[in-house]
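Side chains are part of it too, since the values below use all heavy atoms of this structure and drop only hydrogens, waters and symmetry mates. Both counts, for ligands and for their atoms, begin at 1 and track the order of listing.
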Amino acid sequence: MSLRYVTTNEGKVREALEYLDDDVTQLDYDYTEVQAEDLETVAAHGAREAFVHAGEPVIVDDAGLFIDDLDGFPGPYSSYVEDTLGVERVGRLAREEGTLDAQFRCVIAYCDGEEFAATPEPVDRGERRGQDLAADARGSATTDAQVAGGDVPVKLFTGAVPGTIVEPRGDGGFGYDPIFEHGGKTLAEMSAEEKNAISHRGRALAKFAEWFAER
Ligand code: IMP
């Protein structure tokens, strides 16, 4: 069984292929993005749901911009804040507050229905009990899919890239790239190759690929 990258974004699969020796294909499946204060919960939930749907090994990623002195804002809400406030206003807000240190973080969640050790990377053991209790409270039984997904372990891999919030520069990339500077350039001033070589997603993919090759 081959590995499926669960995403609606083909570009992410192309990036992953560089780390995974042609060993991954896209699964265009729209899993539920739960609301949570950390990327790990969102990615783990998505991986469980996608695995129950596909019955094959899956990876799901979740990423965001974390501004240190704004308590990690916008973090897991990065996409929503990009659509509502907009990237330039987030940049202005950070600069007005004098809070310039930030990082992009990415979490990759892997699920194949099997157990794995919690080292070197963490494992999310699921929320079956929580789901059962929630279902009891509603007076309904959990569905097979919820039960199957609820206690399936998910292995997590994290990548981060540190940077500084600056006035927007460059017209490449997407999202917060123009206001995020790393090594003297904003990510929007880098070529795709330059960005992939240092990106949070690249770093998480590299960790995952090393572990997956041993599995
Ligand atoms: P996703 O989980 O990869 O879809 O990322 C969620 C949101 O985080 C995106 O909609 C962007 O707002 C932001 N984001 C994630 N990765 C990047 C990046 O590499 N550059 C700029 N913005 C990003």
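Taking distance alone, with nitrogen or oxygen atoms compared against 3.5 Å, Leu65 stays at or beyond that limit from ligand 1.
When Val60, Asp151, Asp124 are each tested for a side-chain contact (heavy atoms from CB on, under 4.5 Å) with Arg48, only one passes: Asp124. With Tyr110 as the partner, the ring pair (Phe, Tyr, Trp, His ring centres under 6.0 Å) test is satisfied by one option alone out of Trp211, Phe51, Tyr5: Trp211.
Cluster annotation: Val13 is not connected to Val107 through the hydrophobic network of ILVMFWY side chains, with a link wherever side-chain heavy atoms come within less than 4.5 Å. Note on Phe104 and Val90: same hydrophobic cluster, where clusters join Ile, Leu, Val, Met, Phe, Trp and Tyr whose side-chain heavy atoms are under 4.5 Å apart, directly or indirectly. Tyr80 and Ile179 fall within the same hydrophobic cluster, where Ile, Leu, Val, Met, Phe, Trp and Tyr residues are linked whenever their side-chain heavy atoms come under 4.5 Å apart, directly or through other members. Hydrophobic clustering of Ile, Leu, Val, Met, Phe, Trp and Tyr side chains at less than 4.5 Å, counting indirect connections, keeps Val154 apart from Tyr29.
For atom 16 (N) of ligand 1, the closest non-hydrogen atom on the protein side is His200 NE2, 3.1 Å. Nearest protein neighbour of atom 22 (N) of ligand 1, counting heavy atoms only, is Tyr176 N, 3.2 Å. Of all protein heavy atoms, the one lying nearest to atom 9 (C) of ligand 1 is Glu82 OE1, 4.1 Å. Closest protein heavy atom to atom 17 (C) of ligand 1: Phe174 CZ, 3.3 Å. Nearest to atom 2 (O) of ligand 1 among the protein's heavy atoms is Ala63 N, 2.9 Å.
Distances from atom 8 (O) of ligand 1 to the heavy atoms of Ala43, Ser78, Pro74 show the closest one on Ser78. Evaluated by nearest non-hydrogen atom to atom 7 (C) of ligand 1, the leading choice among Ser79, Gly202, Gly175, Pro76 is Ser79.
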Would Glu40 and Arg105 count as a salt bridge (Lys or Arg N to Asp or Glu O under 4.0 Å) if you check the C-alpha gap in whole Å, the side-chain angles of each, and the deciding distance to 0.1 Å?
CA-CA 10 Å; Glu40 285 80 356; Arg105 292 187 64 239; 3.0 Å; yes

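Of all the atoms in ligand 1, the ones that sit under 4.0 Å from a non-hydrogen atom of Arg201 are 3 (O), 16 (N). Shown in contact with Asp61 at under 4.0 Å from a heavy atom are these atoms of ligand 1, numbered in order with element: 3 (O). The Lys195 neighbourhood of ligand 1 comprises atoms 18 (C), 19 (O), 20 (N), with distances under 4.0 Å to a heavy atom of that residue. Within ligand 1, the atoms closer than 4.0 Å to a non-hydrogen atom of Lys12 are 1 (P), 3 (O), 4 (O), numbered from 1 in the order shown. Close contacts between ligand 1 and Asp177 involve ligand atoms 18 (C), 19 (O), 20 (N), 21 (C) [criterion: under 4.0 Å to a heavy atom].
Ionic pairing of Glu114 and Lys155 is not present here: no N-O contact between side-chain nitrogen and carboxylate oxygen is shorter than 4.0 angstrom. A salt bridge links Arg125 to Glu115: one of the charged nitrogens lies within less than 4.0 Å of a carboxylate oxygen.
By the 4.0 Å heavy-atom criterion, Asp62 is counted among the residues contacting ligand 1. Using a 4.0 Å heavy-atom cutoff, Gly64 is listed among the residues neighbouring ligand 1.
Residue contacts with ligand 1, taken as heavy atom pairs separated by less than 4.0 Å, do not involve Phe180 at all.
When side chains are defined from C-beta on, Phe116 counts as touching Arg215, because their heavy atoms get closer than 4.5 Å.
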